[in-house]
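Worth knowing before you read on, the calculation uses all heavy atoms, side chains too, and leaves out hydrogens, waters and symmetry mates. Values in this document were obtained by computation on a predicted structure and should not be read as measured data. Naming: A, B, ... by sequence-line order, numbering from 1 per chain.
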Number of protein chains: 2
Amino acid sequence: MVNFLKATKIDKTTEADILAAAKKVFIARGMYGARMQDIADEAGINKALLHYYFKNKEQLFEQIFMDAAAQLFPRINMIFTSDNSLFEKIESFCEEYITVVQENPYLPLFVLNEMNRDPVYFIKKLWQKHSGPDPRKFLEQIEAEVKKGNIRHVSPLHLLMNLLSMTIFPFMARPMFQQFVGLDEMQFRMAMEQRKKEIPAFIINAMKR
Amino acid sequence: MVNFLKATKIDKTTEADILAAAKKVFIARGMYGARMQDIADEAGINKALLHYYFKNKEQLFEQIFMDAAAQLFPRINMIFTSDNSLFEKIESFCEEYITVVQENPYLPLFVLNEMNRDPVYFIKKLWQKHSGPDPRKFLEQIEAEVKKGNIRHVSPLHLLMNLLSMTIFPFMARPMFQQFVGLDEMQFRMAMEQRKKEIPAFIINAMKR
DNA sequence: GTCTATAATTTGATAGAC
DNA sequence: GTCTATCAAATTATAGAC
């Protein structure tokens, strides 16, 4: 019987609380730095109940990591699969990606960090969940533009690296950039907002012939 | 009396062994993930002796972190302080930085990761050791080039971010890029080698008017 | 489902012999 | 300076009552 009169929270709500708490703690401190006690505290429950919902730390972590990765990778895949023109892809990617990461600024560092810990394992897990991105279309598209004479010769691989680097890296290196140039939180946020237009403009200029 | 006949290694050698082992383990697993036992094993000694040389884990870590940071930050500062032309700076920075990171590919992720754990603490420690980089000269130099009409208008901050991003990020995201495009270790290494020229060319094209 | 209490394990650190 | 043995604290995980 469903206990709809119960005062305390029930399963799905508690589970959601735990996942939200775990996300916060894992992303802030990583797999090793995170403490089950901290996650329980953050979720407003105790450790025993935490283990009731998730058998062990590793299992909980994997779910958080996969969710985090799922917020980042499909948007990269978008570059590869969409039917837009090259310039449109670059523009919409910067716009969308920076918007997402502004709201989750620690996601990229978290994901890349854990990926590097055990690349083989995580990539296997990731690619079996979301079908692996296939960059062939994107690479061919660049070659075609070069052939048509619309852009100067650029290496597709390096263009891809440049695009992703300029979009993602500043969030991972925020403390460094803030210190270098003396930006407060608000100024940094504004700079990232500018980059939605700045990066595409930069790339387009670099590709002009 | 110096025991130069002793078969076993003596102090300075052991200390060096420990530091090398600690560097390896800390960079691979971070402050929290690293185990003193692993460091001892890697150095070929036991935990007790490890604590004889370094009072505690934190002190050992700090030394490793500072050494790692010292390999990366002064080379960035080079951009700011040198008297070369803007183009020369960009070219020599890419050349030198990629060379260093090719030999220590996990350093950037390690340093940025630990920096994000406690930005205030680490930045204070860092800046009191090596005098803080001062980007004013570099920023002014860009403004001057714009004014002289040598390059199109570019935001100095964004140019700096673009340069550092394109140079450093691919090493941090190596598993991702390798998977995306299907590169083995050797092919990735070659791609990074190409970037020594590719990045400056890309930037210079983007700045042409 | 949720709690208290506690077991089991890991791990940083120390004591003391050689 | 290096080791064996051990402690003390932290942390994951479980037992069992409600």
Taking only N and O in the side chain of [X], is any of them less than 4.0 Å away from OP1 or OP2 of [N]?
{"X": "A:Arg35", "N": "D:dA10", "result": "no"}
{"X": "A:His51", "N": "D:dT14", "result": "no"}
{"X": "B:Thr14", "N": "D:dG1", "result": "no"}

Using atom [atom1] of [X] as one end and atom [atom2] of [N] as the other, report the distance to the nearest whole Å.
{"X": "B:Lys12", "N": "D:dT2", "atom1": "NZ", "atom2": "P", "result": "13 Å"}
{"X": "B:Met36", "N": "D:dA10", "atom1": "CE", "atom2": "P", "result": "16 Å"}
{"X": "B:Leu60", "N": "C:dT11", "atom1": "CG", "atom2": "P", "result": "17 Å"}
{"X": "A:Asp38", "N": "D:dA13", "atom1": "CG", "atom2": "P", "result": "14 Å"}
{"X": "A:Gln59", "N": "D:dT12", "atom1": "CD", "atom2": "P", "result": "15 Å"}
{"X": "B:Asn56", "N": "C:dT11", "atom1": "CG", "atom2": "C1'", "result": "14 Å"}
{"X": "A:Leu50", "N": "D:dT11", "atom1": "CG", "atom2": "P", "result": "15 Å"}
{"X": "A:Phe54", "N": "C:dT2", "atom1": "CZ", "atom2": "P", "result": "13 Å"}

Please write out each protein N/O paired with an N/O of nucleotides 3-7 of chain C under 3.5 Å, distance rounded to 0.1 Å.
from: C:dC3; atom 1: O5'; to: A:Asn46; atom 2: ND2; distance (Å): 3.2

Could you tabulate the donor-acceptor pairs under 3.5 Å formed by side-chain atoms of residues 19-33 of chain A, not counting sequence neighbours?
from: A:Lys24; atom 1: NZ; to: A:Glu42; atom 2: OE2; distance (Å): 3.0

Could you tell me which residues satisfy side chain to side chain contact (heavy atoms under 4.5 Å, CB included) with [X], sequence neighbours excluded, listed by chain and number?
{"X": "A:Asp184", "answer": "A:Met186, A:Gln187"}
{"X": "B:Glu103", "answer": "B:Arg189"}
{"X": "B:Glu143", "answer": "B:Pro156"}

Would you call the rings of B:Phe180 and A:Phe73 parallel, tilted or perpendicular if under 30° counts as parallel and over 60° as perpendicular?
->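 Perpendicular.
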
Would you call A:Glu15 and A:Lys12 a salt bridge, using N to O less than 4.0 angstrom?
->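 Salt bridge flag = yes for A:Lys12 with A:Glu15.
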
With sequence neighbours excluded, what pairs up with B:Phe171 under the ring pair (Phe, Tyr, Trp, His ring centres under 6.0 Å) test?
->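 Scan of B:Phe171 (ring pair (Phe, Tyr, Trp, His ring centres under 6.0 Å), adjacent residues dropped) gives none.
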
Assign A:Ala40 to base, sugar-phosphate, or nothing according to its heavy-atom contacts below 4.0 angstrom with the strands shown.
->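 Here A:Ala40 touches no strand at all.
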
Of B:Tyr52 and A:Lys55, whose closest DNA chain D nucleotide lies nearer the 5' terminus?
-> B:Tyr52

